[in-house]
Amino acid sequence: MYKLVVKRYLDIFLSLLAGVVLLPVLVVISVMIKLDSKGPILFEQKRIGIKKTNFQLYKFRTMRIDTPKDMPTHLLQNPEAYVTKIGKILRQTSLDELPQLYNIIKGEMSIVGPRPALWNQDDLVEERDKYGANEVSPGLTGWAQVNGRDELDIPVKAKLDGDYVRNISLGMDVNCILKTVEKVLKRSDIK
């Protein structure tokens, strides 16, 4: 019941509530991005969703507009050279992820689930197939995120995503959300 119905209604309710409460923050961030560098406020990127379907993920733009597209930050030669001043702060606080509330409202994502892979991260998608982690909506946060975030190797990340899929429940989701808040406040496991 939770996985099939309640989770989706909670996603919509909590995302709408967060959007309303955080509206002033969203406006301030938007203005700061425009003042900091040329380019759009939002960054769109093709990601893998439920059952390996593609969707456009939204984030606040944290990098210059001349950054190579569709490449994970950790694969760039000198990623720090591309990150804007405000972008560095947004990444450290995970505020760059807030536009994904819209992805959640649209039904492309959930608040909790495996983080959506880039369309070209075949190794991660393939590894997640072993654990059924591509069969659920990707999340704003997830079990792998709170157990290592950017520090995890792909096989470990995929296994943790599979652990989440096998144990989806309100308790698991609340646990993930609370651990996410703790990680963000401590700024731990962020590259």
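Predicted, not measured: the structure shown is a model, and the values here were computed from it.
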*Give, for atom CZ of R47 and atom CG of N103, the distance between the pair rounded to the nearest 0.5 Å.*
10.0 Å
*Which one of D36, T62, T67 satisfies the side-chain hydrogen bond (donor to acceptor under 3.5 Å, both in side chains) criterion with T84?*
D36
*Among Q145, K7, M172, find the one that has a side chain to side chain contact (heavy atoms under 4.5 Å, CB included) with V112.*
K7
*For the atom pair OG1 (T141) and OH (Y164), what is the distance rounded to the nearest 0.5 Å?*
10.0 Å
*Side chains of K46 and Q56: does their closest heavy-atom pair fall under 4.5 Å?*
yes
_Take a 6.0 Å sphere around NZ of K85 and say whether it holds more than 12 heavy atoms from other residues, nucleotides or ligands._
no
*Using atom types as modelled and distance alone, determine if a side-chain donor or acceptor of T53 lies under 3.5 Å from a backbone N or O of G49.*
no
*Could you walk me through whether N167 and W143 pass the side-chain contact (heavy atoms from CB on, under 4.5 Å) check?*
CA-CA 10 Å; N167 297 296; W143 192 239; over 6 Å; no
*Quick one: does R166's side chain have a donor or acceptor within less than 3.5 Å of a partner on G162's backbone?*
yes
*Any chance NZ of K3 has more than 12 other-residue heavy atoms, nucleotides or ligands included, within less than 6.0 Å?*
no
*Kindly work out whether a path of hydrophobic side-chain contacts (I/L/V/M/F/W/Y, heavy atoms less than 4.5 Å apart) joins V174 to V165.*
yes
*Below 4.5 Å, heavy atoms only, C-beta onward: do L95 and F60 meet side chain to side chain?*
no
*If you measure from CG on D129 to CG on N134, what distance do you get to the nearest 0.5 Å?*
4.5 Å
_Using modelled atom types and a 3.5 Å cut-off, is there a donor and acceptor pairing between side-chain atoms of R64 and backbone atoms of G39?_
no
*asked:* Ignoring hydrogens, what is the shortest heavy-atom contact between L101 and G19? Give both atom names and the distance.
replied: CD1-N, 4.1 Å
*Could you tell me which non-hydrogen atom of S15 sits nearest to which non-hydrogen atom of I105, and how far apart they are?*
CB-CG1, 3.7 Å
*Which atoms form the tightest heavy-atom contact between L160 and N147, and what is the distance?*
CD1-CB, 3.9 Å
*Establish whether V21 and F13 are linked, either directly or via other cluster members, by ILVMFWY side-chain heavy-atom contacts under 4.5 Å.*
yes
*Between K157 and D161, is the closest basic N to carboxylate O distance under 4.0 Å?*
no
*For atom OH of Y102, is the number of surrounding heavy atoms from other residues, nucleotides or ligands below 6.0 Å larger than 12?*
no
*Supply the atom-to-atom distance I29 CD1 to I86 CD1, rounded to the nearest 0.5 angstrom.*
7.5 Å
_Distance, nearest 0.5 Å, that separates CZ of R115 from CG of L57_ = 6.0 Å
*Worked check of side-chain contact (heavy atoms from CB on, under 4.5 Å) between L98 and L26*: CA-CA 8 Å; L98 288 177; L26 298 172; 3.8 Å; yes
*Any side-chain heavy atom of N54 sitting closer than 4.5 Å to one from I48?*
yes
*Do R61 and P40 come close enough that some side-chain heavy atom pair is under 4.5 Å?*
yes
*Would you name the heavy atoms of P138 and F55 that are closest together and state the gap between them?*
CG-CE2, 4.0 Å
*What about V25 and V31, same hydrophobic cluster or not, with Ile/Leu/Val/Met/Phe/Trp/Tyr joined at side-chain heavy-atom distances under 4.5 Å?*
no
*With L170, the side chain to side chain contact (heavy atoms under 4.5 Å, CB included) member among N175, L10, V6*: L10
_Would you compute the distance between atom CD of E97 and atom OG1 of T180 and round it to the nearest 0.5 angstrom?_
10.5 Å
*Could you state whether I50 and Y2 fall into the same hydrophobic cluster, counting links through intermediate Ile, Leu, Val, Met, Phe, Trp or Tyr residues with side-chain heavy atoms under 4.5 angstrom apart?*
no
*asked:* Would you say that P114 contacts V136 through its side chain, given a criterion of any heavy-atom pair below 4.5 Å between the two side chains?
replied: yes
_Side-chain touch M63/R91, heavy atoms, less than 4.5 angstrom_ = yes
*Considering non-hydrogen atoms only, spot the tightest contact between L140 and M109 and give its length.*
N-CE, 3.6 Å
*Should R128 and V125 be marked as a side-chain contact (heavy atoms from CB on, under 4.5 Å) after you check the CA-CA gap, both sets of side-chain angles, and the distance that decides it?*
CA-CA 5 Å; R128 283 179 171 170; V125 174; 5.8 Å; no
*asked:* With clusters defined by side-chain heavy atoms of hydrophobic residues (ILVMFWY) lying less than 4.5 Å apart, directly or transitively, does W119 cluster with I154?
replied: no
